[in-house]
> 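Please find one structure pasted underneath; my questions will follow.
Both ligands and their constituent atoms are indexed starting at 1 by order of listing.
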Amino acid sequence: MKFIRLASIVLLFCASFITCKSIKSPAYTFTKSVTSQSVGIATAHPEATKIGLAILKKGGNAIDAAIATQFALAVCYPVAGNIGGGGFMVYRDKTGFATTLDFREMAPAAAFADMYLDANGDAISELSRAGHLASGVPGSVGGMWEAFQKYSKLKDWKMLIQPSVDLAKKGFRITEAQVSKFNNRKEEFIKYNTSPNQFNSDKIWTVGDKLVQEDLAKTLTAVRDNGRAGFYQGWVADRIVDEMQRGNGIITHQDLKNYKAVWRDPIIGQYKDLKIISMPPPSSGGIFLIQMLDMIEPYGIANHKMHSPEAAHLVVESERRAYADRATHLGDMDYYPVPINELLDQAYIKKRMANFDAQKASISEDIQAGDFAESEQTTHFSIVDDEGNAVSLTTTINTGFGCKVVVGGAGFFLNNEMDDFSAKPGVPNFFGLLGAEANKIEPGKRMLSSMTPTIVEKDGKLSLVVGSPGGSTIITSVYQVIVNIFDFKTSATDAVQAPRFHHQWKPDIVMHESACFDETTRKQLMSMGHTLKDRGKIGRVEAIYVKADGSLEVVADKRGDDHAMGY
Ligand code: DON
């Protein structure tokens, strides 16, 4: 009797404490939302979530888990997870100290401003998007090594990499989403690769097939045993340079040796009673997330409903203005004087919204950048450890499978991040984003990004860890999740799973997910002068929200195979 009573109390406790919403597939069950006591992790793939969580259980901190997760994603999520790309990390420790790590790819020393232009000066976009010339010098291994040196609690690099070595060797079952990605890209894999590998073979993938990556396991073993040097020097570096030579790429041994991840002060802003901690240049994310939040602050968005014409119009008009500035003023601040203070100046932000008309859409042609003195794939994960340290990390090889080239004998995809530079003023990149002088190609420079790993503090305490992939839509996805939670007062789960919309100044179109606006709202937005376009999925957010009782709401986006866990 006593036992039954105890068991039912435990059951009741669990039911009220752990609410899981899951989606089943043949290979995995994807958990989309978990309420946990103090530890949480959400990533784009169940294998990566499990590996990160195991490190937390072994006493690792959020940084240890992030390192293990970054390598795990390189194995189980090759469309975006990587060691051949780069990314950004925002870290806030339990004391409130915050910093960011920039492990963005760098342009090789032989890169130059006009490298993607033909003899007539026209941009040849294919060159910056696929094949060897599209790749910047990878930063992920350098970044993880740097994070390990500075903040690891376990201080055991091998322990962090070993699970990924094992996963690559033993293999894992591929999901439905992966099947279509692997099969649909086959022609490109065949076209751009110089050596045989699993991806350009004639195998037609089906759900549940095992992906074993022996070459990648060897590369990860070299990284496990030799740290940073295992990638940027030695036989792995030789394989990268051989690959470049076979495919007319320009990355050299010296470029690899010179790669450096950089700690940067975060961009910090205030939105109502929230402190927003986000990524500085070479990401545009932090600056424009804060700019947009500050633009809408005086207009009482919380008085409207989420996805109502009034709220959507206000958000779109802030996005239009922010993205106009992005095109002109943003680039790597090590090379270009990005006017950060001016862009975040409250008087300037107010001025940008001075011509906002609550009834009528502005026209992008009429909105220029402010004047001062002077598929798709990326992946995000969010982690909170049992001490309250938090990592928000977005990493990418740019578009799906990067430049489509797997390094022969080393088994990993290289990025096509060079397309994030402005190949020529006025020529849009893959995401339709424009750029100018600030983001022109220069040797050693880092290409402008939209990645927006972000941590939100409320009353001096950790409140939200959030980020997303999605190219140009990253900043707006993070923006809308924050507004949903803190203005529309939704749960974090509803905030993440709610449909999203996006405007990026040019083209002058409100892109939206199909379920976003009802017919009345659509009509009203169109009558205000907005052009609407259904564009499929926008972003894939992984968020951890600290609830009033201190428990965590760990949320994985339903738009993909994303998986949340916690305890
Ligand atoms: O850094 C950037 O902004 C882009 N390279 C990100 C690409 C991306 O998010 C693709 N994803 N879905």
> Backbone or side chain, does any N or O of Phe431 fall under 3.5 Å from an N or O of ligand 1?
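No, since none of the N or O atoms of Phe431 sits under 3.5 Å from an N or O of ligand 1.
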> Under 4.0 Å, heavy-atom basis, I'd like to know which part of Met447 is in contact with ligand 1: side chain, backbone, both or neither.
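It is neither part, as no heavy atom is under 4.0 Å.
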> Can you give the donor-acceptor pairs under 3.5 Å from side chains of residues 84-92 to other protein atoms, not counting sequence neighbours?
residue, atom, partner, partner atom, Å
Arg92, NE, Glu457, OE2, 2.8
Arg92, NH2, Glu457, OE2, 3.3
Arg92, NH2, Gly460, O, 3.2

> Strictly under 6.0 Å, is that where the ring centroids of Phe401 and Phe189 end up?
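Ring centroids of Phe401 and Phe189 are less than 6.0 Å from each other.
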> Give yes or no for whether the N/O distance cutoff of 3.5 Å, strictly under, is met between Gly470 and ligand 1.
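Yes; the residue has a nitrogen or oxygen that sits under 3.5 Å from a nitrogen or oxygen of the ligand.
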> Report the part of Leu448 in contact with ligand 1, treating N, CA, C, O as backbone and CB onward as side chain, heavy atoms under 4.0 Å; options are side chain, backbone, both, neither.
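For Leu448, no heavy atom sits under 4.0 Å from ligand 1.
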> Looking only at distances, please establish whether an N/O atom of ligand 1 is found under 3.5 Å from an N/O atom of Arg104.
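N/O-N/O distance under 3.5 Å: yes.
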> Below 6.0 angstrom between ring centroids: does that apply to Tyr323 and His502?
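Here the rings of His502 and Tyr323 have centres that are less than 6.0 Å from each other.
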> Side chain, backbone, both or neither: which part of Arg540 has a heavy atom under 4.0 Å from ligand 1?
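The answer is neither; Arg540 stays 4.0 Å or more away.
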> Taking a cutoff of less than 4.0 Å between a non-hydrogen atom of the residue and any ligand atom, is Ile474 in contact with ligand 1?
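Ile474 counts as a contact of ligand 1 under the 4.0 Å cut-off.
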> Glu105 vs Leu414, test: side-chain contact (heavy atoms from CB on, under 4.5 Å). Steps then yes/no.
CA-CA 11 Å; Glu105 299 90 330; Leu414 285 168; over 6 Å; no
> Using 4.0 Å as the upper bound for N to carboxylate O, is an ion pair formed by Arg104 and Asp332?
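Salt bridge flag = no for Arg104 with Asp332.
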> Report, in ascending order of atom number, the atoms of ligand 1 lying under 4.0 Å from any heavy atom of Met451.
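By the 4.0 Å cutoff, the relevant atoms are 1 (O), 3 (O).
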> Relative to the heavy atoms of Thr378, which atoms of ligand 1 are at a distance of less than 4.0 Å?
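Here the atoms of ligand 1 in question are 6 (C), 7 (C), 8 (C), 9 (O), 10 (C), 11 (N), 12 (N).
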> Could you pull out all residues at least two apart from Asp562 that satisfy salt bridge (Lys or Arg N to Asp or Glu O under 4.0 Å)?
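For Asp562 the salt bridge (Lys or Arg N to Asp or Glu O under 4.0 Å) partners, ignoring immediate neighbours, are Arg540.
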> Under 4.0 Å from a heavy atom of Ser450: give me the atoms of ligand 1 that qualify, with their elements.
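Reading through ligand 1 atom by atom, the close ones are 1 (O), 2 (C), 3 (O).
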> Identify which of Gln377, Glu105, Glu417 has a heavy atom lying nearest to atom 11 (N) of ligand 1.
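It is Gln377 that holds the nearest heavy atom.
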> Say whether Ser449, considering both its backbone and side-chain N or O atoms, lies within less than 3.5 Å of an N or O atom on ligand 1.
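N/O-N/O distance below 3.5 Å exists for this pair.
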> Should Tyr335 and Arg446 be marked as a side-chain contact (heavy atoms from CB on, under 4.5 Å) after you check the CA-CA gap, both sets of side-chain angles, and the distance that decides it?
CA-CA 9 Å; Tyr335 283 71; Arg446 293 160 200 252; over 6 Å; no
> So that I know where these two stand, are Phe486 and Tyr271 an aromatic pair - ring centroids less than 6.0 Å apart?
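No - the distance between ring centres of Phe486 and Tyr271 does not fall below the 6.0 Å cut-off.
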> Only one of Leu343, Leu433, Asn439 passes side-chain contact (heavy atoms from CB on, under 4.5 Å) with Arg326; say which it is.
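Looking at Leu343, Leu433, Asn439, the match for Arg326 under the side-chain contact (heavy atoms from CB on, under 4.5 Å) is Leu433.
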> Select one of side chain, backbone, both or neither to describe which atoms of Asp420 lie under 4.0 Å from any atom of ligand 1, heavy atoms only.
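Looking at Asp420 and ligand 1, just side chain atoms fall under 4.0 Å.
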